Amino acid sequence: MGKLWFLPLQDENPVVMERIKYMIALFFSFTLVGLALYFNTLEEIWHGSLKILISPANLVTDYFELANVGAAFINAALMIIKSLLIIRSTKVTLSGPLFAAIFTIAGFSLFGKNLFNSIPIILGVFLYAKLTHTPFKNYLLAALYGTALGPLVSEVAFNSGFSFFTGILLGWIAGAIVGLILPPLSRHFVSFHKGFSLYNIGFTAGIIGMAFIAIFRAYGIEVDTVNLVSSGYNQPLSIYLYSLFFLLFSGGLYFNGGSFSGYAAFLKEDGKGGSDFIEHHGLGLTLINMALLGGLTTTLVLIVRGELNGPVIGGIFTVVGFGAYGKHVKNVFPILLGVLIVGWLTSAELSSTGFLLTALFGTTLAPISGHYGVIAGIFAGGLHMVIVTNISYLHAGMNLYNNGFSGGFTAAIIVPLLEVVFFHKKERKNKSIVKPLINTEPVEDLEKNKQ
C-alpha cells in the first residue's frame, strides 16, 4: 500500500515531467532568496547588489566579502531565473546538461557572475546564431557556460580607467565579441582533450581570456589576480546545504519508486563527453546522484576545516549540477583523492579556499577515472593539482573556469599516455587468447593423431 505514495516518473506525461524539472530549478532559486533574507535586510541586499553589479569580478572575488551574503544569494537566484527564461524561450527540454548549467551559474554567481557582465556574452552568442543563420538553441550551452568570461566585461567596464558610461559600453562590446567567437572555438577545442574534461567551455574561455590579456599586456595594461574571500559562515550554510541535498535525495527517491533500483547501472557510466543522466537514467536517479555528490563535497570541506564561502559553495553547486551531466560518486572520488594526496605531499594548506577550489572543480576530469579506472583518476587529480596553480597567470583571473582551463591541459597530457598503456594491455590480452596460426604440436603427436 505504501508503494502507492511513490511516483514512477518515467510513466508521466512529458509535459508534466518538464514542469517538475522547472519547479525543482525554481525551488532551488527560492531557497537562495530565503537564505538571503535570513542573513541580511532588504536595504543591505539592495546596496550589496549594486556593489556587485558595478565592481570588477576577477578570480577570486567572493561576493560574500565584496558585498554581503544576502546580496550574493539574491544575485544567484536572479541568474537562475534569467537562465530559465532563456532556456524556456528556446523551447528545448530541460536536459541534464542544462541542469548542470543552472547549478553552475548559481555557484559562480556567488563569486564573479552577475546580470551586468553575463548578458553581453549571451547576446554575442545570439548574434553568432543570427549571422550563421542557425537556431540559437544550438548554442544554448555555449551562451550559458560562456558567462565564465563575465569578469572580462567587468574589468573593461570598471577597472580600465574609462569614464563610467564609456567603460560600460566598451565592456559590453568586449562581452559581445567573446560571445561571438565562443561557439566555433568551443566546437574545435573538444578534440584537444577528447571529451575527458567536462568543462569544455572553461577551456575555451581560458584560451579567449589568455588572448585578451595578452593584448592588454602588449599595451602595458596589467591585470592582477584577486584573492578576496570570506569566512565564519560554516554553521548556517552547512545546515542549508545538507537540508537542500536531503530534499533532492528525498525527491529522487520518490520519483524512482522509493528505491535505488538502477543506480548500479548509473555508476557504470564513464561520463566521457558529458552523459545526460536525466535522459539515460531518469530524473529520480539523477536527483539521488546530485544529492550524494553534494553531501560528499560538503563533508570534504568540513573535514579539512575549510570555509563555506562564496567560491567554495560555488564549487559544491557545480559538482552537484554535473551530477546530471557526467559526474557520479564513483568517478569523482578518485580525482578528489588524487588532489588530496598531492596536496598533502606538497604541504599545501588543505583548508585553504584555493586548494578546495582545485579539489572541487578538478572533478572536471571525472571521465578519466570513469573510463580508465581508479588509479588513472588518482594520477589525473594529482597532475591537475600541480598544473592549476600555474595556469591562472595566463588569463589573469578573467576566466572563472580556471580549473576547466587547467583540466583541458591535464587531460591532453594524460589521456594519450593512458591510451598507449591500455592499447598495449589490450593487445597483450588478445594475443594470449588467439590460437596460433601454425600447429605447434610435437611431430610424434602429429603422427599419432594421423594414425
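Model, not experiment: these values are computed from the prediction. Atoms considered below: every heavy atom in the structure, side chains included; atoms not considered: hydrogens, waters and symmetry mates.
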Trainee: Once the angle between the rings of F126 and F136 is folded into 0 to 90°, is it parallel (under 30°), tilted (30 to 60°) or perpendicular (over 60°)?
Mentor: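 Rings of F126 and F136: perpendicular, over 60°.
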Trainee: Do the two ring centres, one from Y325 and one from F277, sit under 6.0 Å apart?
Mentor: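 No - the distance between ring centres of Y325 and F277 does not fall below the 6.0 Å cut-off.
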Trainee: Walk me through whether V60 and V226 qualify under side chain to side chain contact (heavy atoms under 4.5 Å, CB included).
Mentor: CA-CA 5 Å; V60 177; V226 177; over 6 Å; no
Trainee: When you measure from the side chain of N309 to the backbone N and O of N234, does any donor-acceptor pair fall under 3.5 Å?
Mentor: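 Not a single qualifying donor-acceptor pair exists.
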Trainee: Within the distance-only criterion (no hydrogens, no angle test), does the side chain of E18 pair as donor or acceptor with the backbone N or O of L94 below 3.5 angstrom?
Mentor: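 Looks like yes, one N/O pair under 3.5 Å.
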Trainee: Between Y372 and F196, is the ring centre distance below 6.0 Å?
Mentor: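 Between Y372 and F196, the centre distance is under 6.0 Å.
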Trainee: Determine whether a donor-acceptor pair (N or O, by modelled atom type, separation under 3.5 Å) exists between the side chain of N256 and the backbone of L253.
Mentor: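 No; judged by distance alone, with no hydrogens or angles, the pair does not exist.
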Trainee: Flag the pair F192 / F189 as yes when their ring centroid distance falls below 6.0 Å, and as no otherwise.
Mentor: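 That pair fails the under 6.0 Å test.
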Trainee: Once you measure the plane-to-plane angle for F158 and F164, does it fall in the parallel (<30°), tilted (30-60°) or perpendicular (>60°) bin?
Mentor: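 Rings of F158 and F164: tilted, as their planes differ by 30° to 60°.
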Trainee: Describe, in one word, how the ring planes of F39 and Y233 are oriented to each other, choosing from parallel (under 30°), tilted (30 to 60°) and perpendicular (over 60°).
Mentor: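 Aromatic pair F39/Y233 classed perpendicular.
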Trainee: Only one of H371, K330, H281 clears side-chain hydrogen bond (donor to acceptor under 3.5 Å, both in side chains) with E269; which?
Mentor: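 Answer to the side-chain hydrogen bond (donor to acceptor under 3.5 Å, both in side chains) test with E269 among H371, K330, H281: H281.
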Trainee: What are the two closest non-hydrogen atoms of A129 and Y139, and how far apart are they?
Mentor: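 Closest pair (atom of A129, atom of Y139, distance): CB-CD1, 3.9 Å.
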Trainee: Considering all heavy atoms of both residues, which atom of L336 and which atom of L300 are nearest to each other, and what is their separation?
Mentor: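 Closest approach of L336 to L300: CD2-CD2, 4.0 Å.
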Trainee: Taking the ring centre of each residue, are F405 and F409 less than 6.0 Å apart?
Mentor: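 Centroid distance F405-F409: below 6.0 Å, so yes.
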Trainee: For F28 together with F317, are the ring centres under 6.0 Å from each other?
Mentor: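 That pair passes the under 6.0 Å test.
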Trainee: Do F361 and H384 have side-chain heavy atoms sitting under 4.5 Å apart?
Mentor: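 When only atoms from C-beta onward are counted, H384 and F361 do not touch, as no gap falls below 4.5 Å.
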Trainee: Show, in sequence, the C-alpha distance, side-chain angles and deciding distance for Y263 and F266, and conclude whether the ring-ring contact (aromatic ring centres under 6.0 Å, His included) test is met.
Mentor: CA-CA 5 Å; Y263 195 59; F266 194 111; 5.3 Å; yes
Trainee: Counting distance only, does the side-chain N/O of S89 pair as donor-acceptor with the main-chain N or O of I86 below 3.5 Å?
Mentor: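 Pair found, side chain donor or acceptor close to backbone of I86.
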Trainee: Looking only at atom types and distance, does a side-chain atom of T389 sit under 3.5 Å from a main-chain N or O of V386, one as donor and one as acceptor?
Mentor: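 Checked: pair present.
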Trainee: Mark yes or no for whether T298, through its side chain, and G295, through its backbone, hold a donor-acceptor pair below 3.5 Å.
Mentor: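 The answer is no, because no donor-acceptor pair under 3.5 Å joins these two groups.
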Trainee: Are more than 12 heavy atoms from other residues, nucleotides or ligands located less than 6.0 Å from atom CZ of R19?
Mentor: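 At most 12 heavy atoms, drawn from other residues, nucleotides or ligands, come within 6.0 Å of this atom.
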Trainee: Would you confirm whether S197, through its side chain, and N200, through its main-chain N or O, come within 3.5 Å as a donor-acceptor pair?
Mentor: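 Flag not set: sc S197 to bb N200 has no pair under 3.5 Å.
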Trainee: Test side chain to side chain contact (heavy atoms under 4.5 Å, CB included) on N289 and L285; report intermediate values, then the result.
Mentor: CA-CA 6 Å; N289 186 58; L285 283 176; over 6 Å; no
Trainee: Restricting to non-hydrogen atoms, name the atom on N40 and the atom on G70 that form the minimum distance, rounded to 0.1 Å.
Mentor: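 In terms of heavy atoms, the two residues are closest at OD1-N, 2.7 Å.
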Trainee: With a 6.0 Å cut-off on ring centres, are F73 and Y38 close enough?
Mentor: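 Not close enough - the centres of the two rings lie 6.0 Å or further apart.
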Trainee: Under the 3.5 angstrom rule, does the side chain of T132 hit a backbone N or O of Y128 as a donor-acceptor pair?
Mentor: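 Side chain of T132 to backbone of Y128: a pair is present.
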Trainee: Are K194 and E419 within salt-bridge range, i.e. N to O under 4.0 Å?
Mentor: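 A salt bridge is present here (some side-chain N lies under 4.0 Å from a carboxylate O).
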Trainee: Please report the C-alpha distance between L308 and I316 in whole Å, then the side-chain angles of each, then the deciding distance to 0.1 Å, and finally whether the side chain to side chain contact (heavy atoms under 4.5 Å, CB included) criterion is met.
Mentor: CA-CA 9 Å; L308 289 171; I316 292 171; 3.9 Å; yes
Trainee: Please tabulate, for side-chain N and O atoms in residues 95-112, each donor-acceptor pair with protein atoms closer than 3.5 Å (sequence neighbours left out).
Mentor:
unit_1	atom_1	unit_2	atom_2	d
T104	OG1	A100	O	2.7
S109	OG	I105	O	2.6

